[in-house]
Amino acid sequence: MSDRTSPSVTRHPLLVRGCDVLRVPVEGECDVLPGRDIVVADGVIVDVRPTGAERPEEPGTEVVDGRGLLALPGLVNAHTHSPMVLMRGAAEDVTVEGWFNDRVWPMESNPTAEDVRAGALLACAEMVRSGVTTFADHYFFPGVTELP
């Protein structure tokens, strides 16, 4: 599901103060930048700077205490069948053949687009909570997991 927030939605500025930042370069080794402020405007990171840099905050800025926390890039799930979270627990301690033939495929025999969307929304909530910000879905009813 994509985050296509309407341009008419105004987001308050955000400042995450004092966190450490995991820097992941295109090439080379990762490193940790200690004591940084992350400035977010209109939902986009616009600056990562040393904590306490002499730059005034915009009025209305929400400030989050990031001390003791590590900011890192969002995780990417490159292959998922997100609506299958609805089947979790339906077939435990069975062979792969039993899992597919006796449990999963019968449950997948007639899902509706609404079923698929509900499962995808649940999966999205779980993924976001775990740090996944992007996913590639492979399931029935392509397109129902996209937001307008």
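Numbers for residues simply follow the sequence, beginning at 1. Remember, it's a predicted structure, so these values are computed and weren't measured experimentally.
- Applying side-chain contact (heavy atoms from CB on, under 4.5 Å) to Leu14 and the options Val64, Val63, Thr61 leaves one that passes, Val64.
- Taking 4.5 Å as the limit, every side-chain heavy atom of Val32 sits out of range of all side-chain heavy atoms of Arg23.
- In terms of heavy-atom proximity, Glu29 sits nearest to Pro25 at O-CG, 3.3 Å.
- Considering CZ of Arg17 and CG of Asp37, their distance stands at 5.5 Å, rounded to 0.5 Å.
- Here the closest non-hydrogen pair linking Ala123 and Val85 is CB-CG1, 3.8 Å.
- Between the OG1 atom of Thr112 and the CZ atom of Arg117 there is a distance of 12.0 Å, given to the nearest 0.5 Å.
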Test salt bridge (Lys or Arg N to Asp or Glu O under 4.0 Å) on Glu126 and Arg88 and set out the steps.
CA-CA 13 Å; Glu126 292 177 354; Arg88 187 179 295 137; 2.9 Å; yes
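- In this structure, Tyr139 is a member of the same hydrophobic cluster as Trp105, with clusters built from ILVMFWY side-chain heavy atoms closer than 4.5 Å.
- Just one of Leu122, Val116, Leu121, Val144 meets the side-chain contact (heavy atoms from CB on, under 4.5 Å) condition when paired with Pro83; it is Val116.
- No more than 12 heavy atoms of other residues, nucleotides or ligands lie within 6.0 Å of CZ in Arg67, so this atom counts as exposed by the packing criterion.
- Linking Ile, Leu, Val, Met, Phe, Trp and Tyr residues whenever their side-chain heavy atoms come within less than 4.5 Å places Phe100 and Met87 in a single cluster.
- Grouping the Ile, Leu, Val, Met, Phe, Trp and Tyr side chains by contacts below 4.5 angstrom, directly or via other members, places Leu86 apart from Val128.
- Note: Ile38 CD1 to Ile45 CD1 = 5.5 Å, rounded to the nearest 0.5 Å.
- Looking at His79 and His138, their side chains come closer than 4.5 Å, going by heavy atoms from C-beta outward.
- Across every non-hydrogen atom of Cys19 and Ala71, the tightest pair is SG-CB, 4.1 Å.
- In this structure, CD in Glu108 is found 4.5 Å from CZ in Phe140, a value given to the nearest 0.5 Å.
- Nearest heavy-atom pair, Trp99 versus Ala91, reported as atom, atom and distance to 0.1 Å: CD1-CB, 3.3 Å.
- Of the candidates Thr51, Leu69, Leu70, Leu33, Asp20 forms a side-chain contact (heavy atoms from CB on, under 4.5 Å) with just one, namely Leu70.
- At distances below 3.5 Å, at least one donor-acceptor pair connects side-chain atoms of Arg103 with backbone N or O atoms of Ala90.
- Residue Leu72 is not grouped with residue Val40 when hydrophobic side chains (ILVMFWY) are merged at heavy-atom distances under 4.5 angstrom, including chains of intermediate members.
- Both Val96 and Met84 belong to a common hydrophobic cluster when Ile, Leu, Val, Met, Phe, Trp and Tyr are linked at side-chain heavy-atom distances under 4.5 angstrom.
- Contact annotation: the side chain of Asp102 never approaches that of Glu97 to less than 4.5 Å [non-hydrogen atoms, C-beta and beyond].
- Not one N or O on the side chain of Thr80 forms a donor-acceptor pair closer than 3.5 Å with the backbone of Asn77.
- Rounding to the nearest 0.5 Å gives a distance of 14.0 Å between CZ of Phe135 and CG of Leu75.
- Between the side chains of Asp137 and Ser82, at least one donor-acceptor pair of N or O atoms lies under 3.5 Å.
- From Met107, atom CE reaches atom CG of Asp115 across 12.0 Å, with rounding to the nearest 0.5 Å.
- Of all the heavy atoms in Gly66 and Val16, the pair that sits closest is CA-CG1, 4.1 Å.
- Asp42 places no side-chain N or O within donor-acceptor distance of the main-chain N or O of Val44, the cut-off being under 3.5 Å.
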